[in-house]
> 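Pasting in a structure now, in structure tokens, and then I'll have a few things to ask.
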There are 2 protein chains.
Amino acid sequence: MPVVKRINHVAVVVEDMEKALSFWRDALGIPLHGTLDVPAEKSQVAFLPTGESEIELVKPTSEDSGLAKYLAKRGPGMHHICVEVDDIEGMMAQLKAKNIRLINEEPRTTADGKKYAFIHPESTCGVLVELYQL
Amino acid sequence: MPVVKRINHVAVVVEDMEKALSFWRDALGIPLHGTLDVPAEKSQVAFLPTGESEIELVKPTSEDSGLAKYLAKRGPGMHHICVEVDDIEGMMAQLKAKNIRLINEEPRTTADGKKYAFIHPESTCGVLVELYQL
């Protein structure tokens, strides 16, 4: 049976990265591990690890991305929860068998080799959930 | 210096607890640790621990609560992130010194003795953030 191991990260969509960092890094004191430009997702991501998870601040870098549209519609705030699993293909098969709607039918792969896939909020009571396998 | 130790939980507001559990517990397989009625908050909470954090599913039990109004306005989905700190009074003083707006001026205490306080989303770029000290 595939297993959820932990919350890998909570992603927060932001309009103004410096303003967001002034809260999460400067006021709350969570160290900024680094920032990354992700052209494939038309976004910039700041990683703030805490315990075994991370807060990820995500800023759209193009107005025509899905993230930019989400930001325009809903405003800044929590965007998705990512849970790490030990077997992403197995988990996706288990979810499909339970009629859970997936956004990605097959896992995608990040530039550094992590497998990921999103589950549709329709099947999760309103939460965009990402699966990660490191 | 007060320190953020980890994400304690991510709270998800739900309309239908059984439907939410059918995703988080039955499809994703995160064990349900238990459910708790919290009359002081007019809510029912289901705790699903994963790694060192929890997913908390929160259902309003009265239509006149803040949570019920949030649900009516925004629909089901992520409600807040709770970060655990080692010194909640110290953290709240540090936040005030940086002009961060707190919802609770002093820590409140749960029935089982945890101290908690909320930070206003206005100061966090749209995220309701809870502080916890165990």
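Labels below follow one simple rule: chain letters A, B, ... track the order of the sequence lines, proteins then strands, and each chain is numbered from 1. Keep in mind that this is a model prediction, so the values were computed, not measured.
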> Look only at the side chain of A:Thr61 and the backbone of A:Gln44, and say whether a donor-acceptor pair between them is shorter than 3.5 Å.
no

> When heavy-atom pairs shorter than 4.5 Å are enumerated against chain A, which of B:Ala97, B:Ala27, B:Gly77, B:Pro2 gives the highest number?
B:Ala27

> At a 4.5 Å cut-off on heavy atoms, which part of A:Ile100 comes close to chain B: side chain, backbone, both, or neither?
side chain

> CD of A:Glu63: more than 12 outside heavy atoms within 6.0 angstrom?
no

> Indicate if A:Val83 and A:Val3 have the same hydrophobic cluster label, given that clusters are the connected sets of ILVMFWY residues with side-chain heavy-atom separations under 4.5 angstrom.
no

> For A:Lys19, which atoms come within 4.5 Å of any heavy atom of chain B: side chain, backbone, both, or neither?
both

> Under 4.5 Å, heavy atom to heavy atom, which residues of residues 117-132 of chain A contact chain B?
A:Ile119, A:Ser123, A:Thr124, A:Cys125, A:Gly126, A:Val127, A:Val129, A:Leu131

> If you round to the nearest 0.5 Å, how far is CE of A:Met17 from OG of A:Ser22?
12.0 Å

> Do any of residues 86-94 of chain B have a heavy atom less than 4.5 Å from a heavy atom of chain A, and if so, which, in residue order?
B:Met91, B:Gln94

> NZ/A:Lys5 to CD/A:Gln133 distance, rounded to the nearest 0.5 angstrom?
8.0 Å

> Counting distance only, does the side-chain N/O of A:Thr110 pair as donor-acceptor with the main-chain N or O of A:Lys114 below 3.5 Å?
yes

> Between CG of A:Leu36 and CD of A:Glu56, what distance do you get to the nearest 0.5 Å?
9.5 Å

> Backbone N or O of A:Glu105 within a donor-acceptor pair of the A:Lys96 side chain at under 3.5 Å?
yes

> Would you mind checking which part of A:Ile7 comes under 4.5 Å of any heavy atom in chain B, side chain (CB onward), backbone (N, CA, C, O), both or neither?
both

> Which one of B:Thr50, B:Asn99, B:Val14 has the most heavy-atom pairs closer than 4.5 Å to chain A?
B:Thr50

> Considering only heavy atoms, which portion of A:Val4 lies under 4.5 Å from any heavy atom of chain B: side chain, backbone, both, or neither?
both

> Contact part of B:Glu84 toward chain A, heavy-atom cut-off under 4.5 Å: side chain, backbone, both or neither?
neither

> Going hydrophobic residue to hydrophobic residue with side-chain gaps under 4.5 angstrom, can you get from A:Ile55 over to A:Leu32?
yes

> With only heavy atoms counted, which part of B:Ile30 is less than 4.5 Å from chain A, the side chain, the backbone, both or neither?
side chain

> Taking the side chain as everything from C-beta on, heavy atoms only, tell me whether B:Ser53 gets closer than 4.5 Å to B:His9.
no

> Is chain B contacted by the side chain of A:Glu15, its backbone, both, or neither, given a heavy-atom distance below 4.5 Å?
neither

> So does A:Glu18 get a backbone contact from the side chain of A:Asp16, meaning a donor-acceptor N/O pair under 3.5 Å?
yes

> Are A:Val13 and A:Phe47 linked, directly or through other ILVMFWY residues, by side chains that come within less than 4.5 angstrom of each other?
yes

> Could A:Lys69 and A:Asp64 be called an ion pair, given the rule that one side-chain N must be under 4.0 Å from one carboxylate O?
no

> Step by step, work out the salt bridge (Lys or Arg N to Asp or Glu O under 4.0 Å) result for B:Glu52 and B:Arg6.
CA-CA 8 Å; B:Glu52 64 179 22; B:Arg6 58 183 172 121; 5.3 Å; no

> Could you tell me which of A:Leu95, A:Val85, A:Leu28 has the largest number of non-hydrogen atom pairs under 4.5 Å with chain B?
A:Leu28

> Is there a path of hydrophobic side-chain contacts, each under 4.5 Å between heavy atoms of I/L/V/M/F/W/Y residues, joining A:Leu71 to B:Met78?
no

> At a heavy-atom separation under 4.5 Å, does B:Ile81 approach chain A through its side chain, its backbone, both, or neither?
both

